[in-house]
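Notes follow the structure.
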Amino acid sequence: MAAEPVPRREVVTRGPAPGAAAPVAYRTVTAAPGSLPPAARGEVRRLIRAQLRAGLAVGGTLALLVAALPLLLRRGHGDGPVPPLVVWAVLGVAVYPLFLALAGWYVRRAERNERAYRRAAGGS
């Protein structure tokens, strides 16, 4: 067998840049769901439902809008149907701002749900 490679050593010569955001410390729960008190189980259940609702809302909105685009573009104007290249351009390029907007909304919603859970669970 070949010898194992020596891990590379790195030296940090400077601290974080001034004004840089401090790293966020996340708290993890390692207790089994059955060992949680009934009140905490209810809070966890509410958090999971809220996250599921937000995910389904984003997924449903995205599915409806993206599925409706080809149908809207298929009709065309009074001049006839829209060329397929335009349909592909709209579906391949113009949809991404919608993806980003929905993703931003979902992240803000999920963080708000997490903050509400931490407040209800007694954390800060």
Side-chain angles (χ1 to χ4, degrees):
M1 283 204 209
E4 292 186 24
V6 178
R8 192 173 124 192
R9 296 184 75 195
E10 295 183 17
V11 178
V12 177
T13 59
R14 194 169 108 189
V24 178
Y26 291 102
R27 193 176 67 177
T28 58
V29 178
T30 56
S35 67
L36 293 173
R41 273 185 251 154
E43 290 302 322
V44 169
R45 202 172 301 120
R46 273 192 282 279
L47 172 65
I48 291 171
R49 283 191 195 131
Q51 299 293 45
L52 179 62
R53 273 193 306 272
L56 290 175
V58 167
T61 301
L62 187 62
L64 285 174
L65 292 175
V66 171
L69 276 176
L71 298 175
L72 293 173
L73 292 174
R74 189 172 187 204
R75 290 186 188 180
H77 304 306
D79 306 339
V82 177
L85 184 61
V86 173
V87 174
W88 279 104
V90 168
L91 287 175
V93 176
V95 171
Y96 285 101
L98 175 66
F99 287 173
L100 291 173
L102 286 172
W105 178 85
Y106 177 76
V107 168
R108 284 191 304 276
R109 181 69 182 208
E111 288 173 349
R112 184 172 53 188
N113 291 339
E114 293 285 339
R115 280 192 305 272
Y117 169 73
R118 280 195 303 268
R119 275 195 306 273
S124 54

For the student: nearest non-hydrogen atoms of V66 and L91, plus distance: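 Result for this residue pair: O-CD2, 4.1 Å.
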Just do the side-chain contact (heavy atoms from CB on, under 4.5 Å) check on Y117 and E43 with the steps written out, would you? CA-CA 7 Å; Y117 169 73; E43 290 302 322; 3.7 Å; yes
Taken to the nearest 0.5 Å, the spacing of R112 CZ from R109 CZ works out to 4.5 Å
With sequence neighbours excluded, give me every side-chain hydrogen bond (donor to acceptor under 3.5 Å, both in side chains) pair touching residues 89-108.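 Output for this query is empty, none listed.
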Residue pairs meeting side-chain hydrogen bond (donor to acceptor under 3.5 Å, both in side chains), one or both in residues 50-71, sequence neighbours left out, come to Q51-N113, Q51-E114
Indicate if V58 and V95 have the same hydrophobic cluster label, given that clusters are the connected sets of ILVMFWY residues with side-chain heavy-atom separations under 4.5 angstrom.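 Yes: a chain of side-chain contacts under 4.5 Å links V58 to V95.
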With ILVMFWY side chains joined below 4.5 Å, transitively, what does L52's cluster contain besides itself? L56
